[in-house]
Chemist: 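Quick one: this structure, given as structure tokens, is what I'll be asking you about.
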Amino acid sequence: MNTWLMKSEPDECGIDDFVAAPDTPIRWDGVRNYQARNFMQQMQLGDQVFLYHSSCKDIGIAGLIRVCRTAYPDPTQFDPESHYHDARSTQDKPRWQAVDLVLEKKFAALLPLEILKQLPELADCPLVKKGNRLSVMPISTTEAAAILAASKE
DNA sequence: GCCAACGTTGGC
DNA sequence: GCCAACGTTGGC
């Protein structure tokens with residue numbers, strides 16, 4: 001099993017959206033970056049995902065979610081009404097992928113970016129690197145253990 | 001709201 | 001294939 005981290009603005013899709021419907025899969029769509037997409041395609045059923053809240057008041061890791069459906073064509077790319085519409089996509093050759101996720105657990109307290117930056121195990125993680133915009137990234141076993149220890153979960 | 005850093009686009 | 005211009009991300 002692999003571990004990942006995904007960024008989201010909590011206004012858009014945050015941990016509380018997963019808490020509100022704990023048994024309902026939420027489709028993670030709208031990813032429009034090739035590197036992030038390629039990681040999504042590598043996700044396997046049951047993989048753990050740290051959910052990171054970005055561009056908001058309380059920035060940091062809010063909890064864990066889990067992959068309950070592996071990559072499939074992101075329907076929003078075909079929808080002219082959608083903000084994520086991509087005219088270059090066709091049904092035969094979709095450019096973008098979505099996965100479905102469900103709640104694993106919400107952390108008792110948000111693990112702030114400030115703390116994440118202090119963890120030596122995360123020094124090489126794109127998450128804490130200045131200017132990094134990657135929204136889906138793999139998390140190593142060592143990194144995952146450090147995050148969980150710091151979260152006291 | 002600002003702005004640095006980045007990925008993507010498109011002209012050449 | 002290069003690279004300037006542009007739009008977006010995301011912390012502060």
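Side chains are part of it too, since the values below use all heavy atoms of this structure and drop only hydrogens, waters and symmetry mates. Chain A is the first sequence line, chain B the second, and so forth, proteins listed ahead of strands; every chain is numbered from 1. A quick note: this is a predicted structure, and the numbers were derived from the prediction, not measured.
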Chemist: About how many Å separate OG1 of T3(A) and CD of Q48(A), when rounded to the nearest 0.5 Å?
Modeler: 4.5 Å
Chemist: So, D29(A) side chain and A98(A) main chain: donor-acceptor pair closer than 3.5 Å or not?
Modeler: no
Chemist: Have a look at R88(A) and say if it touches a base, only the backbone sugar-phosphate, or nothing, with a 4.0 Å heavy-atom cut-off.
Modeler: sugar-phosphate
Chemist: Between CZ of F78(A) and NE2 of H85(A), what distance do you get to the nearest 0.5 Å?
Modeler: 9.0 Å
Chemist: Going by number, which of residues 33-41 of chain A have a non-hydrogen atom under 4.0 Å from DNA chain B?
Modeler: N33(A), Y34(A)
Chemist: Applying side-chain hydrogen bond (donor to acceptor under 3.5 Å, both in side chains), can you list everything that pairs with R32(A), at least two apart in sequence or on another chain?
Modeler: D74(A), T76(A)
Chemist: For nucleotides 2-4 of chain B, print each protein N/O atom paired with a nucleotide N/O atom at under 3.5 Å, atom names and distance only.
Modeler:
none

Chemist: Donor-acceptor check, side chain of H83(A) to backbone of G30(A), threshold 3.5 angstrom: yes or no?
Modeler: no
Chemist: Show every salt bridge (Lys or Arg N to Asp or Glu O under 4.0 Å) that has at least one partner inside residues 79-98 of chain A, sequence neighbours left out.
Modeler: D86(A)-R88(A), D86(A)-R95(A)
Chemist: For nucleotides 7-12 of chain C, read 5' to 3', which letter fits each nucleotide if B means a protein heavy atom sits under 4.0 Å from the base, S means only the sugar-phosphate is that close, and - means neither?
Modeler: BBSBSS
Chemist: Roughly how far, to the nearest 0.5 Å, is the CG atom of L127(A) from the OH atom of Y52(A)?
Modeler: 5.0 Å
Chemist: Hey, can you pull the donor-acceptor pairs under 3.5 Å for the side chains in residues 99-123 of chain A, sequence neighbours left out?
Modeler:
from, atom 1, to, atom 2, distance (Å)
D100(A), OD1, Y72(A), OH, 2.5
E104(A), OE1, R66(A), NE, 2.7
K106(A), NZ, D16(A), OD1, 2.9

Chemist: So, the side chain of D17(A) versus the backbone of G14(A): is there a donor-acceptor pair under 3.5 Å, distance only?
Modeler: yes
Chemist: Over 60° means perpendicular and under 30° means parallel, so tell me whether F18(A) and W28(A) are parallel, tilted or perpendicular.
Modeler: parallel
